[in-house]
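Below, all heavy atoms of this structure are taken into account, side chains as well, without hydrogens, waters or symmetry copies.
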Amino acid sequence: MSPMYFSLNSAFMLGLMGLALNRYHLLSALLCLESMLLTLFITIAIWTLTLNSVSSSIIPMILLTFSACEASAGLAILVATSRSHGSDNLQNLNLLQC
């Protein structure tokens, strides 16, 4: 395994472990999701460059668009949660109680 693939794989795994283990603030969970998506974007962009295919060159841009939509939706949820509950602590949120 080359050092580049190892570093991309470890960056994705660190984001996944941060998302799985650190569940205290909503903002930290959103940052872990964003790091995972950016690592996935870099990996797919490198894959399409090594593939030298014109038809698959649009895939990283589609993923980057979905990543931006996910980030904006996450920030909207963060603002709504902090306005209604006063903080972004995930322990204070009860989704069954409206």
Side-chain angles (χ1 to χ4, degrees):
M1 180 182 281
S2 70
M4 180 181 61
Y5 292 127
F6 177 74
S7 62
L8 288 173
N9 192 13
S10 62
F12 185 81
M13 287 299 162
L14 281 174
L16 186 65
M17 283 178 29
L19 183 64
L21 298 177
N22 191 8
R23 296 185 187 178
Y24 190 66
H25 291 286
L26 182 60
L27 184 61
S28 64
L30 289 175
L31 284 174
C32 290
L33 273 175
E34 206 53 42
S35 70
M36 288 171 56
L37 282 173
L38 285 176
T39 305
L40 193 62
F41 167 72
I42 292 170
T43 305
I44 291 176
I46 291 172
W47 176 67
T48 56
L49 284 175
T50 58
L51 202 60
N52 290 332
S53 176
V54 179
S55 63
S56 64
S57 63
I58 194 71
I59 296 172
M61 295 308 289
I62 292 172
L63 181 69
L64 195 61
T65 305
F66 285 142
S67 175
C69 292
E70 178 263 332
S72 65
L75 287 177
I77 290 172
L78 178 70
V79 168
T81 302
S82 63
R83 283 186 181 172
S84 65
H85 290 79
S87 69
D88 67 336
N89 290 339
L90 291 177
Q91 278 81 20
N92 294 341
L93 298 178
N94 189 359
L95 296 178
L96 298 176
Q97 181 183 18
C98 293

When clusters are formed by joining ILVMFWY residues with side-chain heavy atoms under 4.5 Å apart, either directly or through shared neighbours, do Ile42 and Tyr5 land in the same one?
yes
Pairs meeting criterion side-chain hydrogen bond (donor to acceptor under 3.5 Å, both in side chains) with involvement of residues 35-47, two or more places apart
none
Of all residues at least two apart in sequence or in a different chain, which pass the side-chain hydrogen bond (donor to acceptor under 3.5 Å, both in side chains) check with Asn89?
His25
Interatomic spacing from CD1 in Ile46 to CG in Leu51 - rounded to 0.5 Å
13.5 Å
Mind listing the closest non-hydrogen atom pair of Cys32 and Gly18 along with its distance?
SG-C, 3.6 Å
How would you list, by chain and number, every residue that makes a side-chain contact (heavy atoms from CB on, under 4.5 Å) with Leu63, sequence neighbours excluded?
Leu37, Leu40, Phe41, Ile44
Could you list all the side-chain hydrogen bond (donor to acceptor under 3.5 Å, both in side chains) pairs where at least one residue sits in residues 55-64, not counting sequence neighbours?
Ser53-Ser55
If you group Ile, Leu, Val, Met, Phe, Trp and Tyr by side-chain heavy-atom gaps below 4.5 Å, do Leu49 and Met4 land in one group?
no
Leu26: side-chain contact (heavy atoms from CB on, under 4.5 Å) partners, not counting sequence neighbours
Leu30, Ile77, Leu78, Thr81, Asp88, Leu90
Can you list the residues that meet the side-chain hydrogen bond (donor to acceptor under 3.5 Å, both in side chains) rule with Ser67, with sequence neighbours excluded?
Glu34
Are Leu21 and Leu19 in one and the same hydrophobic cluster, where Ile, Leu, Val, Met, Phe, Trp and Tyr link if side-chain heavy atoms are under 4.5 Å apart?
no
May I ask you to test the Pro60-Thr48 pair for a side-chain heavy-atom distance under 4.5 Å?
yes
